[in-house]
Amino acid sequence: IPLQLHPSVKAIFIALLILLPDAFLIGWEKPSTLIPILIMTVILGALLGFFYKRFTREVLPVEEIKRDGSNENMNNETLNP
């Protein structure tokens with residue numbers, strides 16, 4: 001399901017979901033150690049989402065590509081890399 005969120009927010013959400021199981025193991029004995037880990041997870045997740053969106057191109061759904069291979073949104077380089 002495509003979410004209409006900023007890529008940085010999506011990346012932060014994914015990073016926090018990945019951290020969740022480890023957070024239980026790390027924070028079980030000393031919960032205060034989770035604070036710097038959470039801060040770095042949010043910062044690095046936001047940077048990852050920002051740079052991912054910046055350096056990737058948008059891919060059109062198959063339905064939008066005409067049968068003859070021409071499309072006003074695409075050029076020959078994107079069709080034949």
Side-chain angles (χ1 to χ4, degrees):
I1 300 172
L3 299 175
Q4 299 299 326
L5 295 174
H6 193 273
S8 295
V9 176
K10 286 183 192 178
I12 290 171
F13 180 68
I14 292 170
L16 289 174
L17 283 177
I18 292 171
L19 175 68
L20 192 61
D22 291 332
F24 284 107
L25 296 174
I26 295 169
W28 191 262
E29 292 183 21
K30 199 170 184 184
S32 62
T33 58
L34 285 176
I35 295 170
I37 294 171
L38 284 172
I39 292 170
M40 288 304 296
T41 301
V42 170
I43 292 171
L44 294 175
L47 287 173
L48 179 67
F50 174 76
F51 285 114
Y52 177 77
K53 176 67 175 171
R54 185 160 189 182
F55 293 117
T56 57
R57 62 183 170 90
E58 182 121 4
V59 178
L60 295 175
V62 176
E63 296 85 30
E64 292 185 23
I65 299 174
K66 296 180 182 176
R67 290 206 179 257
D68 61 358
S70 65
N71 193 341
E72 58 274 356
N73 295 330
M74 299 177 71
N75 57 23
N76 285 338
E77 292 177 6
T78 56
L79 290 175
N80 301 318

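All values below come from the heavy atoms of this structure, side chains included, with hydrogens, waters and symmetry mates left out.
I14 belongs to a hydrophobic cluster whose remaining members, ordered by chain and number, are I18; membership requires side-chain heavy atoms of ILVMFWY residues under 4.5 Å apart, directly or through intermediates. The other residues sharing a hydrophobic cluster with L17 are F13, where clustering joins ILVMFWY side chains under 4.5 Å apart.
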Please tabulate, one pair per line, all N/O donor-acceptor pairs under 3.5 Å involving side-chain atoms of residues 26-51, not counting sequence neighbours.
unit_1: T33; atom_1: OG1; unit_2: K30; atom_2: O; d: 2.7
unit_1: T41; atom_1: OG1; unit_2: I37; atom_2: O; d: 2.7

